[in-house]
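Below you'll find the structure, written out as structure tokens, and then a few comments.
Every value quoted in this text rests on a predicted model; they were computed, and no experiment measured them. Whatever order the structure lists ligands and atoms in, that order sets their numbers, starting from 1.
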Amino acid sequence: MAKNWAIETKTIQCGWEPKNGEPRVLPIYQSTTYKYDSAKEVAMLFDLEAAGHMYSRISNPTCEALETKIAALEGGVGALVTSSGQNASTIAIMNICSSGDHFIAVGALYGGTVSLFTNTLKKMGIDVTLVDANLSLEELKTTIKPNTKAIFGETIANPALEIFDFEKFSTLAKEAGLPLIIDNTFATPFLCRPLELGANIVVHSATKYLDGHAISIGGAIVDGGNFDWTNGKFPEFTTPDKSYHGIVYTEKFGSLAYIIKARVQWIRDIGSYLSPMNAFLINVGMETLHVRMERHCENALKLATFLETHPNVSWVNYPGLQSHKHFNRAKEYLKGASGVLTFGVKGGMAEGEKVMNALKLAAIVVHVADVRTGVLHPASMTHRQLSSEEQILAGVTPDLIRVTVGIENSDDIIADFNQALNTL
Ligand SMILES: *Cc1c(COP(=O)(O)O)cnc(C)c1O
């Protein structure tokens with residue numbers, strides 16, 4: 001694999017690299033198990049003394065090809081694919097924080113992530129503070145406690161569409177000696193590479209644009225290999241792991257310590273690895289990532305521009321619009337503002353619901369990042385379980401309609417929203 005390839009080439013060529021006579025296209029290795037010639041070889045795998053596949057709960061060649069591709073696109077040293085995006089976020093945190101620890105998350109987050117952090121991780125004794133992204137660096141420093149172990153945020157927040165302030169939060173993370181974890185789902189590595197902007201770990205819901213066709217649930221964690229786990233705050237990385245005959249991850253695996261620990265501890269014990277079939281499907285989707293993302297961005301900007309001019313629309317939120325509060329930040333960090341926009345209909349939710357029901361091309365779906373255009377009402381759907389304060393922090397107002405703009409012809413998409421808005 002050529003390191004200097006452009007991202008368009010990497011999305012197609014990285015990952016599966018067949019040797020002479022092997023299938024050109026990534027095969028589905030639908031096997032739970034692997035054959036070895038001697039018991040000693042298997043024992044060495046179990047001791048992490050040799051690299052290789054032993055059981056598909058922990059690794060699999062089809063999944064490994066996808067991991068190599070995602071790591072190459074993000075510019076990381078390694079990746080791990082998981083059963084879902086939710087699982088990627090869970091393991092990304094659990095691999096760092098234990099009961100009694102604390103982490104900081106920027107409040108504008110995906111609803112499922114808020115619920116995971118504030119309910120389920122809390123039950124496991126891991127405490128989170130959801131911070132307002134507008135706080136100054138000095139104010140943010142006061143939220144860091146002696147037991148704080150990580151900082152978490154989203155590149156483009158779902159559905160607030162706020163753009164993450166990489167400069168401020170990576171400075172905060174560096175000064176405090178904490179890893180910065182970024183959910184890069186909405187941007188994808190085609191539009192933004194957080195590791196180049198100061199992040200240390202990237203997580204994905206591969207279910208969204210990486211798959212791109214609404215066919216498989218999956219997640220990924222990418223390790224930047226650029227964080228010093230030996231700074232005294234992370235004993236789990238620097239002291240012997242009893243479950244592996246006393247391995248010390250930083251000593252044995254160096255810059256791969258984080259991602260190997262995530263696999264051999266968490267994936268081994270929790271059992272939430274991606275299936276080879278879904279890895280195959282996500283890999284096929286990713287082969288067109290760069291082509292799709294360009295069209296998603298183009299169509300979303302056209303629809304957002306149209307909606308801003310429609311008399312029945314009260315507001316439009318899209319980071320590619322000059323009117324967006326983070327327009328300049330989006331220009332600085334992103335190659336495009338992705339395919340999701342939000343808007344409000346004049347009158348409020350009742351009128352918004354009428355518009356949603358009148359759409360013909362755009363379907364009402366819970367999903368985002370599909371080739372097909374869809375709409376959703378977060379306050380009554382994805383963000384329903386959040387308290388009203390959490391909804392406000394997540395940027396969800398009662399009248400907000402989220403549009404995932406597909407890659408159909410933009411004139412047809414605009415015509416559909418126009419006829420639906422004109423029914424009012
Ligand atoms: C959908 C989503 C998730 C959760 O991913 P699943 O694959 O549905 O588990 C996490 N973060 C963001 C930003 C998402 O949009």
Problem - Neighbour count >12 (heavy atoms, 6.0 Å) for atom CE, M381 - result: yes
Exercise for the section: Could you tell me whether E236 and K149 make a salt bridge, using a distance below 4.0 angstrom between a side-chain N and a carboxylate O? Expected result: no
Exercise for the section: Please could you name the atoms of ligand 1 that S84 approaches to less than 4.0 Å, counting only its heavy atoms? Expected result: 7 (O), 9 (O)
Exercise for the section: Specify the protein heavy atom at minimum distance from atom 7 (O) of ligand 1: its residue, its atom name, and the distance to 0.1 Å. Expected result: T207 OG1, 2.6 Å
Handout entry: Heavy atom of the protein closest to atom 15 (O) of ligand 1 (residue, atom name, distance)
Key = K208 NZ, 2.7 Å
Fill in the blank from the handout: Residue, atom and distance of the protein heavy atom nearest atom 8 (O) of ligand 1 read S205 OG, 4.1 Å
Exercise for the section: Nearest 0.5 Å please: distance from the CD atom of E154 over to the CD1 atom of I163. Expected result: 11.0 Å
Problem - Contact atoms of ligand 1, heavy-atom distance to F186 under 4.0 Å - result: 15 (O)
Practice task
Examine the side chains of Q265 and S243 and answer whether a donor and an acceptor come within less than 3.5 Å of each other.
Solution key: no
Practice task
Look only at interatomic distance and state if D183 has a nitrogen or oxygen under 3.5 Å from any nitrogen or oxygen of ligand 1.
Solution key: yes
Practice task
Fit a plane to each ring of F117 and F103, take the angle between them on a 0 to 90° scale, and name the class: parallel (under 30°), tilted (30 to 60°) or perpendicular (over 60°).
Solution key: perpendicular
Handout entry: ligand 1 N/O within reach of G85 N/O, cut-off under 3.5 Å
Key = yes
Problem - Cation over ring face, K261 and F234, 6.0 Å, 45° - result: no
Problem - Any N or O of T113 closer than 3.5 Å to N or O of ligand 1 - result: no
Practice task
Provide, to 0.1 Å, the distance between atom 4 (C) of ligand 1 and the closest protein heavy atom, together with that atom's residue and name.
Solution key: Y110 CE2, 3.4 Å
Exercise for the section: Say whether Q86, considering both its backbone and side-chain N or O atoms, lies within less than 3.5 Å of an N or O atom on ligand 1. Expected result: yes
Practice task
Determine whether the side chains of H326 and D165 contain a donor N or O and an acceptor N or O closer than 3.5 Å.
Solution key: no
